[in-house]
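Written below as structure tokens is the structure these notes are about.
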Amino acid sequence: MYCTDFFIDCTGSADIVFLAHSSGSVRNANFHKILAFIFNFTSYLDLDSGNYRVGLITFSDSERVEFNLDTYKKRSEVLDRILSTQYVY
């Protein structure tokens, strides 16, 4: 799930919340492409320093908070949680 076609200069700090569409029109395969993008983007962030915080919300007919900005402190925890996010349709 790594993308090496881009490089992100991640100096600074930010709170980033991703919204992942998971309705029936997206379908499971495309939902996992969305998660792959989120995973790749997040893998470049220095989450362990606390300069960046990440959250994830999935939505279809209703929203579901997968994890909040303050749920995880380590990049490995965030990446594991992204990988375990289920297609909700």
Side-chain angles (χ1 to χ4, degrees):
M1 287 188 102
Y2 292 101
C3 179
T4 57
D5 295 337
F6 63 91
F7 175 79
I8 303 168
D9 181 11
C10 298
T11 57
S13 62
D15 289 342
I16 302 168
V17 177
F18 292 99
L19 302 175
H21 188 191
S22 69
S23 74
S25 64
V26 172
R27 304 202 188 266
N28 191 43
N30 289 326
F31 179 72
H32 283 88
K33 289 179 184 178
I34 294 168
L35 291 182
F37 169 82
I38 295 169
F39 182 95
N40 290 335
F41 187 94
T42 303
S43 70
Y44 283 96
L45 299 175
D46 182 14
L47 300 177
D48 295 340
S49 70
N51 290 335
Y52 289 89
R53 299 185 311 166
V54 174
L56 176 60
I57 299 170
T58 56
F59 68 95
S60 179
D61 291 336
S62 61
E63 76 285 343
R64 183 166 120 182
V65 177
E66 300 294 339
F67 58 92
N68 291 305
L69 292 169
D70 59 353
T71 303
Y72 302 110
K73 305 290 186 221
K74 296 185 182 255
R75 179 180 6 202
S76 61
E77 295 171 331
V78 172
L79 295 177
D80 287 347
R81 183 59 181 89
I82 292 168
L83 291 176
S84 69
T85 301
Q86 298 295 310
Y87 176 61
V88 179
Y89 173 67

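Numbers for residues simply follow the sequence, beginning at 1. This is a predicted model, so every value here is computed, not measured. Only heavy atoms go into these numbers, but all of them, side chains included; no hydrogens, no water, no symmetry mates.
Partners of T71 according to the side chain to side chain contact (heavy atoms under 4.5 Å, CB included) rule, which considers only residues two or more places apart in sequence or in another chain, are F67, N68. Applying the side chain to side chain contact (heavy atoms under 4.5 Å, CB included) criterion to T85, with sequence neighbours excluded, gives F31, L35, L56, T58, E66, R81. Considering only residues two or more places apart in sequence or on other chains, D48 meets the side chain to side chain donor-acceptor pair (under 3.5 Å) condition with none of them. Residues meeting the side chain to side chain contact (heavy atoms under 4.5 Å, CB included) test with S76, sequence neighbours left out: K74. For S25, the side chain to side chain donor-acceptor pair (under 3.5 Å) partners two or more places apart in sequence, or in a different chain, are S23. For D70, there are no side chain to side chain donor-acceptor pair (under 3.5 Å) partners at least two apart in sequence or on another chain. Take L47 and apply the side chain to side chain contact (heavy atoms under 4.5 Å, CB included) test, not counting sequence neighbours, and it matches T42, L45, Y52, V54, R75, V78.
Closest approach of S22 and V88 over heavy atoms only: OG-CB, 3.7 Å.
In this structure, OG in S84 is found 11.0 Å from CG in L79, a value given to the nearest 0.5 Å.
No more than 12 heavy-atom neighbours from other residues, nucleotides or ligands sit within 6.0 angstrom of CD on E63.
Side-chain contacts under 4.5 Å among hydrophobic residues (ILVMFWY), followed directly or transitively, place L19 together with V17, I57, F59, V65, L69.
Residue pairs meeting the salt bridge (charged side-chain N to carboxylate O under 4.0 Å, His left out) criterion with at least one member in residues 13-25, sequence neighbours excluded: D15-R53.
Using a distance-only test at 3.5 Å, with no hydrogens or angles considered, no donor-acceptor pair links the side chain of Y87 to the main chain of H32.
In this structure, D80 and Y72 have side chains that are not in contact, with every pair of non-hydrogen atoms separated by 4.5 Å or more.
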